[in-house]
Number of protein chains: 2
Amino acid sequence: MRKKIVPDIVVGRLPIYLRVLNYLIAEGRQITSSQELGDRLGISSAQIRKDLSHFGEFGKQGTGYNVVFLRDQLKEILNVDRIWKMIMVGAGDLGHALANYHRFASSGFEIMAIFDNDPDKVGTKMGEQPIYDVADMDQFIEDNEIKMAVIAVPTVAARDVAAKLIECGVTSILNYAPVTLTVPIGVRVQYIDPVARLQHMTYYQNEETE
Amino acid sequence: MRKKIVPDIVVGRLPIYLRVLNYLIAEGRQITSSQELGDRLGISSAQIRKDLSHFGEFGKQGTGYNVVFLRDQLKEILNVDRIWKMIMVGAGDLGHALANYHRFASSGFEIMAIFDNDPDKVGTKMGEQPIYDVADMDQFIEDNEIKMAVIAVPTVAARDVAAKLIECGVTSILNYAPVTLTVPIGVRVQYIDPVARLQHMTYYQNEETE
DNA sequence: TAGATTGTTAATCGATTAACAATC
DNA sequence: TAGATTGTTAATCGATTAACAATC
């Protein structure tokens with residue numbers, strides 16, 4: 001193994017660092033410090049320095065970090081210095097919203113096509129993307145070497161869809177269905193479940209009213 | 001302080017436990033075990049038992065957990081055995097999608113109104129919800145005792161919106177804008193950032209192709 | 001009773017923080 | 001040079017896991 005293993009929790013913070021660096025650049029800043037980044041993100045400067053140290057040395061003592069340089073380094077580390085082709089499965093309300101979510105494209109994640117099993121939808125468009133039949137999904141994934149997919153189907157269908165995607169060679173899944181997917185090693189799933197997030201917060205709501 | 005403090009990371013897992021219990025109930029199951037729950041969720045049975053132990057004793061030795069009983073207990077712990085009134089700020093594409101995301105309502109989170117600053121939108125409806133002027137937001141929050149809000153505005157507006165929400169008495173914010181919010185203690189924010197999730201996964205993508 | 005599974009304790013593992021030498 | 005801030009080490013803190021007595 002060439003790459004020293006880095007805790008997954010550290011990797012998960014890098015996109016947040018990248019995000020704040022982009023804002024600093026937009027503000028015209030040249031230099032920042034672990035202190036400033038920490039203040040902006042509500043975490044300690046020590047944690048930021050420690051996290052970055054897993055990947056190399058990006059700053060200058062006494063000065064701080066060049067924001068453009070650090071941003072570019074993080075993009076390279078995260079492999080987002082390129083375009084990623086994705087597909088989405090599910091052309092319902094949620095799929096519709098995601099098809100119109102332009103931040104995907106502007107961040108380098110391009111939804112090439114949407115797949116659905118509703119004959120009325122197949123052949124039409126959603127946002128900029130064509131809707132195809134799920135039966136043609138494996139061919140499309142193969143032809144376009146798709147590695148990333150978004151699941152936006154009803155909960156009951158999510159497991160089967162995930163299985164098919166993985167079978168076809170997809171190795172990263174962004175899953176909007178509120179169900180835990182069991183996947184083989186080498187495949188990653190990230191979950192988006194706003195209801196779970198709300199329920200996490202309501203736990204703390206009672207204390208205030210007691 | 002009446003309540004023994006529970007690690008936040010444990011609280012964050014409870015909604016996932018609740019979710020799988022609901023599926024087990026839908027499947028007609030009466031009893032489950034920490035082993036089965038762990039298998040379904042990809043975590044250890046020890047962790048599930050340990051997590052639950054922070055809140056009480058819910059199982060029977062040799063038997064396991066009554067799924068309905070445990071579900072009801074978790075709902076009570078999370079304060080989701082009631083309806084939560086929410087507002088949403090931002091009537092753009094994202095707000096539109098969220099207004100039509102019926103899982104909020106079916107989980108007990110009711111979006112009462114949507115606020116926007118676009119005069120063309122104010123007075124119209126989105127999904128079932130009326131769109132009001134943001135200028136009327138404080139009054140509405142006060143009148144309806146709103147404690148929870150969803151931010152679905154452009155990034156540049158998110159900080160100001162959050163500040164106003166908090167000023168009006170909102171204590172839980174689900175933030176879809178890709179920016180970290182600084183909030184006073186007693187206020188909670190949860191972030192939904194699908195792009196950050198994708199970037200987390202692309203980190204691991206290169207290993208396979210090397 | 002014998003088998004199964006909980007709740008809990010102690011051990012292990014991992015992540016965060018504090019502190020500081022190095023150095024720009 | 002003096003001041004500032006990094007990168008890193010060691011200490012601390014917290015979370016997960018393993019193991020098992022209790023008991024249904």
Side-chain angles (χ1 to χ4, degrees), chain A residues 1 3-17 20-21 24 29-74 77 180 200 203-204, chain B residues 1 3-17 20-21 24 29-74 77 180 200 203-204:
Chain A
M1 194 177 286
K3 185 181 282 184
K4 184 179 42 167
I5 54 119
V6 175
D8 185 63
I9 197 164
V10 172
V11 177
R13 279 192 292 261
L14 298 187
I16 308 305
Y17 299 166
V20 70
L21 287 165
L24 287 167
R29 298 285 302 279
Q30 307 282 324
I31 298 290
T32 188
S33 65
S34 59
Q35 179 70 52
E36 181 179 46
L37 292 172
D39 288 348
R40 286 232 191 185
L41 297 172
I43 61 186
S44 75
S45 63
Q47 178 159 87
I48 288 174
R49 294 198 301 279
K50 181 83 162 121
D51 283 355
L52 295 177
S53 75
H54 286 99
F55 305 96
E57 306 189 357
F58 306 108
K60 271 200 182 65
Q61 280 105 324
T63 309
Y65 302 92
N66 177 303
V67 290
V68 170
F69 175 74
L70 183 55
R71 191 264 311 259
D72 290 343
Q73 291 290 304
L74 287 179
I77 291 165
T180 301
H200 186 162
Y203 173 81
Y204 299 98
Chain B
M1 197 177 283
K3 185 181 281 186
K4 183 180 40 164
I5 54 120
V6 174
D8 186 64
I9 197 163
V10 172
V11 177
R13 280 192 292 262
L14 298 187
I16 308 305
Y17 298 166
V20 70
L21 287 165
L24 287 168
R29 297 285 303 281
Q30 308 282 323
I31 299 291
T32 188
S33 65
S34 59
Q35 179 70 52
E36 181 179 47
L37 293 173
D39 288 348
R40 287 233 191 184
L41 298 173
I43 60 185
S44 75
S45 63
Q47 179 160 87
I48 288 175
R49 294 199 301 279
K50 183 81 162 117
D51 284 355
L52 295 177
S53 76
H54 286 98
F55 305 97
E57 306 188 356
F58 306 109
K60 271 200 183 65
Q61 279 105 324
T63 308
Y65 302 93
N66 177 302
V67 289
V68 171
F69 175 74
L70 183 55
R71 191 264 312 259
D72 291 343
Q73 291 290 306
L74 287 180
I77 291 165
T180 302
H200 185 162
Y203 173 81
Y204 299 99

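Reminder, nothing fancy here: chain letters follow the sequence lines and each chain counts from 1.
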When you check the side-chain N and O atoms of B:S45 and B:R49, is any donor under 3.5 Å from an acceptor? yes

With DNA chain C as reference, determine whether A:R49 or A:T63 sits nearer its 5' end, using the nearest nucleotide of each. A:R49

Both distances under 3.5 Å, Watson-Crick or G-U wobble: on that basis, could you give the dot-bracket string for DNA chain C, with [ ] for crossing pairs and | for other-strand partners? ..||||||||||||||||||||||

Electrostatic pair B:R29-B:E36, nearest N-O below 4.0 angstrom: yes

Nearest-nucleotide wise, let me know which of B:G56 and A:P7 is further upstream toward the 5' end of DNA chain C. B:G56

In Å and rounded to the nearest 0.5 Å, what is the CG to CG distance from A:L52 to A:L14? 7.5 Å

Nucleotide range of DNA chain C lying under 4.0 Å from chain B heavy atoms: C:dA4 to C:dT9

Atom CZ of A:R71 and atom CG of A:N66: how far apart are they, to the nearest 0.5 Å? 10.0 Å

With rounding to the nearest 0.5 Å, note down the distance linking OG1 in A:T180 to CG in B:D39. 12.0 Å

About how many Å separate NZ of B:K50 and CZ of B:R13, when rounded to the nearest 0.5 Å? 11.0 Å

Regarding B:D51 and B:Q47, is there a side-chain donor-to-acceptor distance under 3.5 Å anywhere? no

How far apart are the closest heavy atoms of B:P15 and A:H200, and which atoms are they? CG-N, 4.0 Å

Give A:S34 one of three labels, base, sugar-phosphate or nothing, depending on what nucleic acid heavy atoms sit under 4.0 Å from its own. sugar-phosphate

